[in-house]
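Right, one structure below, let's go through it.
As a basis for the values below, the full set of heavy atoms in this structure was taken, side chains included, without hydrogen atoms, waters or symmetry mates. By convention in this document, chain letters (A, B, ...) are assigned in the order of the sequence lines, proteins followed by strands, and residues within each chain are numbered from 1.
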Amino acid sequence: MLTQLKNAIVCFVILTVLTGVAYPLIVTAVAQVAFKHQASGSLLEDGKGSSLIGQNFDDPRYFWGRLSGAGYNAAASSGTNFAMTNPALIDAARARIDALKQADPTNAAPIPVDLVTASGSGLDPHISLAAARYQLPRVARARGLADSDVERLVAQHTERRLLGVLGEERVNVVLLNRTLDLR
Amino acid sequence: MDTQDWLLLLVYVGVLVALVKPLGAYMARVYEGRSKWLGFIERPIYRLLGIRTEAEQSWKQYAIACLLFNLVGLLFVYVIQRTQAWLPLNPQSMANVSPDSAFNTAVSFASNTNWQGYGGESTMSHLTQMLALGVQNFVSAATGMAVLVALTRGIARRSSATIGHFYVDLVRSTLYILLPLSIVLAIFLVSQGVVQTFTPYATVDLIQPSGENTTQNIAIGPAASQVAIKQLGTNGGGFFNVNSAHPLENPTPLSNFVQLLAILLIPAALCYTYGRLVNDTRQGWAILCAMLAIFIPMTIACAMLEAQPNPHLAELNITGGNMEGKEARFGTTASALWAVATTAASNGSVNSMHDSFSPLGGLIPMWLMQLGEVVFGGVGSGLYGMLIFVILAVFIAGLMVGRTPEYLGKKIEAHEMKLASLVILIPCAAVLIGTAVACVFPATAFDTIGFVDGAPAARISNPGPHGFSQILYWASSTGNNNGSAFAGLSANNPFYNLTGGLLMLIARYWILLPVLALAGSLASKKTVPPSERRLDPGTLPTHTPLFVTILIGVVLLVGALTFVPALALGPIAEQLMVSAK
């Protein structure tokens with residue numbers, strides 16, 4: 001029994017060194033050399049956030065992103081975990097609908113669902129292309145730009161399906177809004 | 001569902017099946033000791049352990065080695081969590097984890113469950129993540145694979161007193177299979193945007209500052225190395241709180257697809273390995289077919305359900321499927337596919353919040369766990385669970401035709417059936433009793449030791465039947481070593497941490513032991529010679545479509561008979577409420 005216990009400890013120590021020290025260090029070394037930007041969080045060079053982490057937008061001059069169960073706190077990701085039957089889900093959606101209507105009273109188009117629901121992470125940087133199109137006239141008006149100019153920027157920041165199969169057509173709200181500010 | 005949604009499912013299953021044979025054959029060579037390219041690391045390990053490569057153990061020695069090794073690991077994870085504040089690699093100054101949470105997490109990672117009662121980026125230091133949790137991701141997976149190989153030897157050998165050596169199987173699983181695949185996958189994931197660094201969290205400026213709020217603090221760390229093995233080892237414990245829904249844990253549709261493949265890759269390929277090791281690959285393919293025949297319809301059903309709009313939102317002039325709790329880059333189909341894959345396998349990582357699925361869409365992942373994690377299941381543990389169902393199916397079929405049941409020439413007798421029944425009944429009982437206890441546990445019990453702070457049933461976050469579903473999902477997940485959650489349930493408190501820990505221990509080790517006992521008992525049996533078998537028309541071949549159908553029937557029947565009453569109280573009742581809308 002004592003030999004068995006000794007073996008268990010020895011084997012555990014060896015495998016810990018292999019998988020808990022050597023492995024993460026090898027991966028980190030390769031990652032930091034070959035993919036430094038991605039490995040460090042895909043931070044934007046002007047310090048205005050990360051291209052992968054959503055931010056909160058509620059000014060009519062910006063495209064708005066998903067609702068967030070985390071309040072876009074990137075150090076405490078969370079979904080809302082609302083069930084379909086939870087009245088809180090409907091209340092949150094109603095509040096978003098009211099805000100959208102208030103910012104753009106003339107828009108009577110149906111609202112794409114991703115604009116009134118929270119993402120899984122609470123940090124989703126994307127919205128659907130439909131959700132961007134829905135907001136386009138509002139943003140253009142608030143910024144005094146022509147619709148076609150904004151349209152071009154949206155197209156620039158639209159990510160297509162990979163090989164036509166993987167992923168949804170989506171717009172990166174963080175990058176799009178940053179570009180809008182640079183104009 | 002549109003064309004590209006169907007295409008995604010087709011491509012996924014196609015690529016998965018195409019990888020089964022090459023990886024399965026490689027793993028068979030590893031376990032036969034014919035693959036030696038890492039011998040320069042492997043041999044010194046055996047030398048330090050004082051064992052020879054060809055060493056063998058009886059099933060009891062094998063089981064003792066396995067349990068002791070797991071115990072050492074469990075204690076280590078507990079101690080690291082309880083002392084992380086004083087240890088290095090803690091740039092965010094994380095505090096020591098509370099005793100009940102540390103116990104829950106230690107059991108969770110040692111048992112390959114990876115239930116996360118904690119939020120990774122707000123609880124664990126980098127050191128805890130890599131040295132405690134990351135290591136368990138490897139060795140708990142390797143433990144499952146080792147036990148499977150032991151059972152396989154039990155089936156393949158005759159009149160043998162031994163079933164292999166635990167440490168040889170453990171080291172080979174880790175060194176030859178999990179480590180190389182993880183290194184490749186981790187580096188690929190970094191290229192997609194998964195973080196891998198030891199620096200403190202990053203602070204950036206907001207594009208639209210609001211009032212006091214001008215910056216965002218972004219959690220980063222050595223995530224990619226953790227995420228790779230969490231998928232390959234069917235662990236599922238993520239670096240971040242929201243697991244693979246987090247953009248820094250699963251940034252692109254391609255990283256999503258590759259992680260999805262990694263979830264089912266080894267469990268599927270092990271079917272072929274099994275066929276090789278018992279010298280009849282048809283047996284492995286037959287089991288894989290049974291798994292796919294349950295997996296594919298469930299995936300299609302779940303994807304269709306999630307593509308439906310929430311009727312409460314549809315009446316507000318909102319268009320689109322059920323996107324609550326789902327990421328825009330994945331959409332409903334890739335989220336549903338993940339939910340089914342992660343619960344078919346006992347992975348438990350998530351790329352969307354299962355709690356926000358439609359009632360029936362959420363029933364599917366829940367039921368897949370309740371089936372005992374045998375449709376793919378955990379690496380190793382899924383297939384040894386399925387082999388128990390194979391034995392049950394052989395037994396039932398044997399009763400039908402009035403013959404002594406046989407599997408691959410081994411007579412299945414009373415002793416084997418007792419062990420098989422234990423394996424099947426224990427998790428069922430654990431789930432249902434665990435749910436019942438959480439529902440009725442009094443608010444004031446053990447007040448003085450802070451065991452319950454208010455009734456456990458009051459920890460639910462959604463009203464109506466869905467609240468019950470949250471508790472049922474918790475017990476199903478921990479009681480079958482899955483680890484995913486209806487995450488609205490506040491489970492990081494003494495009651496859920498301790499009872500959940502107990503359920504995970506039962507589900508892992510009370511199954512592992514009868515399986516090893518079965519391996520020992522089968523190994524000691526004589527085989528009926530194939531020539532006699534062929535002459536005996538009463539023996540049911542176990543690689544035919546007929547047998548696959550019986551096997552599927554047995555798995556689904558046990559799952560339905562046991563759990564439909566409970567499911568009727570939760571998701572089915574909730575669906576009726578939604579439909580009445």
Can you tell me which portion of [X] sits under 4.5 Å from chain B's heavy atoms? Options are side chain, backbone, both or neither.
X: A:Arg178; result: both
X: A:Ala76; result: backbone
X: A:Gln32; result: side chain
X: A:Ala88; result: neither
X: A:Val174; result: both
X: A:Phe82; result: both
X: A:Arg161; result: side chain
X: A:Ala108; result: backbone
X: A:Leu162; result: side chain
X: A:Leu43; result: side chain
X: A:Asn56; result: backbone
X: A:Leu100; result: neither

Where the side chain of [X] meets the backbone of [Y], is there a donor-acceptor pair that is under 3.5 Å apart?
X: B:Glu327; Y: A:Gly120; result: yes
X: A:Tyr23; Y: B:Ser225; result: yes
X: A:Asp114; Y: B:Ala328; result: no

When only pairs under 4.5 Å are counted, which of [options] shares the most heavy-atom pairs with chain B?
options: A:Arg170, A:Arg66, A:Gln55; result: A:Gln55
options: A:Arg61, A:Lys36, A:Glu168; result: A:Glu168
options: A:Gly79, A:Gly167, A:Pro110; result: A:Pro110

Ignoring hydrogens, what is the shortest heavy-atom contact between [X] and [Y]? Give both atom names and the distance.
X: A:Tyr72; Y: B:Gln216; value: O-NE2, 3.2 Å
X: A:Pro24; Y: B:Met130; value: CG-CE, 3.9 Å
X: B:Pro247; Y: A:Leu52; value: CB-O, 2.9 Å
X: B:Val190; Y: A:Gln38; value: O-CB, 3.1 Å
X: A:Phe12; Y: B:Gly73; value: CE1-CA, 3.5 Å
X: B:Ala219; Y: A:Ala75; value: CB-CA, 4.0 Å

Against chain A, label [X] side chain, backbone, both or neither, depending on which of its atoms sit under 4.5 Å from a heavy atom there.
X: B:His246; value: both
X: B:Asn310; value: both
X: B:Leu170; value: side chain
X: B:Phe330; value: backbone
X: B:Leu127; value: neither
X: B:Thr319; value: both
X: B:Phe166; value: neither
X: B:Ala202; value: side chain
X: B:Val139; value: side chain
X: B:Leu68; value: both
X: B:Gln61; value: both
X: B:Asn243; value: neither
X: B:Ser182; value: both

Does any part of the side chain of [Y], heavy atoms only, come nearer than 4.5 Å to the side chain of [X], both counted from C-beta?
X: A:Ile14; Y: B:Leu48; value: yes
X: A:Val116; Y: B:Leu316; value: no
X: B:Leu313; Y: A:Thr117; value: yes
X: B:Leu131; Y: A:Thr16; value: yes
X: B:Arg329; Y: A:Asp124; value: yes
X: A:Thr80; Y: B:Glu324; value: yes
X: B:Asn256; Y: A:Leu166; value: no
X: B:Ile187; Y: A:Phe35; value: yes

Donor + acceptor pair across side chains of B:Gln208, A:Asp181 (<3.5 Å): no

Mind ranking [options] by heavy-atom pairs under 4.5 Å with chain A and telling me who comes out on top?
options: B:Gly134, B:Ser352, B:Ala487, B:Gly119; value: B:Ala487
options: B:Val171, B:Ile45, B:Thr252, B:Asn213; value: B:Ile45
options: B:Gly488, B:Pro359, B:Ser356; value: B:Ser356
options: B:Ile183, B:Val578, B:Leu206; value: B:Leu206
options: B:Met353, B:Glu121, B:Glu574; value: B:Glu121
options: B:Val350, B:Val72, B:Asp5; value: B:Val72

Got a second to check how far [X]'s [atom1] is from [Y]'s [atom2], nearest 0.5 Å?
X: B:Leu248; Y: A:Ser50; atom1: CG; atom2: OG; result: 5.5 Å
X: B:Ile51; Y: A:Thr3; atom1: CD1; atom2: OG1; result: 12.5 Å
X: A:Asp46; Y: B:Ile207; atom1: CG; atom2: CD1; result: 8.0 Å
X: A:Asn86; Y: B:His312; atom1: CG; atom2: NE2; result: 10.0 Å
X: A:Ser42; Y: B:Ile220; atom1: OG; atom2: CD1; result: 10.5 Å
X: B:Asn217; Y: A:Asn73; atom1: CG; atom2: CG; result: 7.5 Å

Give the intermediate values and the outcome of side-chain contact (heavy atoms from CB on, under 4.5 Å) for residues B:Phe138 and A:Leu15. CA-CA 9 Å; B:Phe138 279 96; A:Leu15 290 181; over 6 Å; no

